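Small disclaimer: the values here were computed from a predicted structure and weren't measured.
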Amino acid sequence: VIDEVQLLTDEDRGWAWCQALVGVPARRVLMTGSPDAIPLVKALAEYLEEPLTIHELTRHTPIEAETEPVPRPEVEPGTAIIAFSRREVLAIKLELESRFRVAVIYGNLTPEVRREEARRFREGDAQVLVSTDAIAMGLNLPIRTVCFSTLTKWNGKEEVQLAPWEVLQIGGRAGRFGHHERGHVGQHLDDPRPGSGLRRPDRVLDLAFRRHTQARRRDRRVEHPQHV
């Protein structure tokens, strides 16, 4: 089973996913991930002359894109605010601590601290989560609303806009089945004055959720008659 197959398109990590797919000593490979990966997976299957079956799965909990930005004073419990640097995460945490118990998750935390922060939010010891995209993979948390504080990030070379699949990957953390009837994804304003912060509608957020209000994920299956 190879999860997050859309990372084939990642400039820095795509080689690892490609190597795993091409070199795995298995008769059957199950791939899961964003629908954005389908063209590349199809091309790879054709190149390897392997049969490909695509299964589409629908989320149990639908996701809705908020039509208006969420000012910081209107943040509610159950919200995860997404930033893309440790400095920004801690700055937002500091501003929210006067109203909420806040948990934080970012890449440089030790595994023990990360698990403890996730536990605090999951069990209600923390009401709001501020995180980088570290929550996008491997963490299932009872998040009702995901709010992006920005839709750009530093990629090690320059400031770039998030890809639609990244918005879906992170936004898909909202509305965990069994905890909420639906999830919400939107933009976060640190300044409630008109004209400040992100504006509506944001092109990337709109593009990501316009055709994915049900936030579908797909299950790709490649059956290998022999080892690749």
Side-chain angles (χ1 to χ4, degrees), residues 3-6 32-38 54-84 89 92 96 99-105 117-151 162-190 192 197-219:
D3 196 14
E4 311 298 354
V5 71
Q6 74 278 354
T32 64
S34 167
D36 294 338
I38 289 177
I54 299 174
H55 297 278
E56 182 176 320
L57 305 178
T58 302
R59 282 176 56 112
H60 292 294
T61 307
I63 290 183
E64 294 180 350
E66 297 289 348
T67 58
E68 296 287 346
V70 180
R72 189 157 297 170
E74 296 180 14
V75 169
E76 298 179 347
T79 297
I81 299 175
I82 307 302
F84 291 95
V89 165
I92 294 173
L96 291 174
R99 298 173 52 218
F100 301 108
R101 299 184 300 276
V102 183
V104 297
I105 294 176
E117 290 296 282
R119 182 204 65 77
R120 291 181 60 229
F121 184 78
R122 186 169 52 248
E123 297 182 6
D125 293 341
Q127 301 161 297
V128 170
L129 175 66
V130 185
S131 176
T132 64
D133 53 355
I135 67 165
M137 300 180 191
L139 286 174
N140 290 314
L141 299 168
I143 298 168
R144 179 181 181 273
T145 303
V146 169
C147 282
F148 290 86
S149 66
T150 177
L151 290 168
L162 296 180
W165 73 261
E166 291 178 298
V167 176
L168 284 169
Q169 179 77 30
I170 299 167
R173 301 300 95 185
R176 187 178 179 187
F177 181 62
H179 292 266
H180 306 287
E181 293 184 358
R182 62 184 63 246
H184 301 266
V185 179
Q187 304 163 59
H188 175 67
L189 286 176
D190 59 1
L198 298 169
R199 292 191 173 89
R200 179 186 70 87
D202 182 86
R203 187 180 65 82
V204 175
L205 191 64
D206 181 62
L207 176 63
F209 282 93
R210 188 189 324 146
R211 293 173 302 165
H212 297 276
T213 55
Q214 299 300 312
R216 293 175 177 173
R217 289 176 60 86
R218 299 188 183 193
D219 173 22

Q) What pairs with Ala174 under side-chain contact (heavy atoms from CB on, under 4.5 Å), at least two apart in sequence or on another chain? A) Val146, Val185

For the backbone of [Y] and the side chain of [X], can you confirm whether one donor and one acceptor N or O come within less than 3.5 Å of each other?
{"X": "Glu117", "Y": "Val104", "answer": "yes"}
{"X": "Glu74", "Y": "Pro71", "answer": "no"}
{"X": "Arg99", "Y": "Val75", "answer": "yes"}

Nearest heavy-atom neighbours spanning [X] and [Y]:
{"X": "Leu96", "Y": "Arg72", "value": "CD2-CG, 3.7 Å"}
{"X": "Ile63", "Y": "Gly172", "value": "CD1-CA, 3.8 Å"}
{"X": "Phe121", "Y": "Pro142", "value": "CE2-O, 3.8 Å"}
{"X": "Gln6", "Y": "Ala37", "value": "CA-CB, 3.6 Å"}
{"X": "Leu141", "Y": "Ala118", "value": "CD2-O, 3.7 Å"}
{"X": "Ile92", "Y": "Ala83", "value": "CD1-CB, 4.2 Å"}

Q.
For the CD1 atom of Ile82 and the CZ atom of Arg173, what is their distance to the nearest 0.5 Å?
A. 10.5 Å

Q | Phe148 CZ to Leu162 CG distance, which is reported to the nearest 0.5 Å | A | 6.5 Å

Considering only distance and modelled atom types, tabulate donor-acceptor pairs under 3.5 Å from the side chains of residues 122-139, sequence neighbours left out.
{"from": "Glu123", "atom 1": "OE1", "to": "Arg119", "atom 2": "NH1", "distance (Å)": "2.8"}
{"from": "Asp125", "atom 1": "OD2", "to": "Arg119", "atom 2": "NH1", "distance (Å)": "3.0"}
{"from": "Asp125", "atom 1": "OD2", "to": "Arg119", "atom 2": "NH2", "distance (Å)": "3.2"}
{"from": "Gln127", "atom 1": "OE1", "to": "Arg101", "atom 2": "N", "distance (Å)": "2.9"}
{"from": "Ser131", "atom 1": "OG", "to": "Ile105", "atom 2": "O", "distance (Å)": "3.1"}
{"from": "Thr132", "atom 1": "OG1", "to": "Ala134", "atom 2": "N", "distance (Å)": "3.2"}

Q: Carefully, step by step, assess Phe100 and Thr79 under the rule side-chain contact (heavy atoms from CB on, under 4.5 Å).
A: CA-CA 11 Å; Phe100 301 108; Thr79 297; over 6 Å; no

Q. Under a 4.5 Å cut-off applied to non-hydrogen side-chain atoms, are Thr150 and Gln187 in contact?
A. no

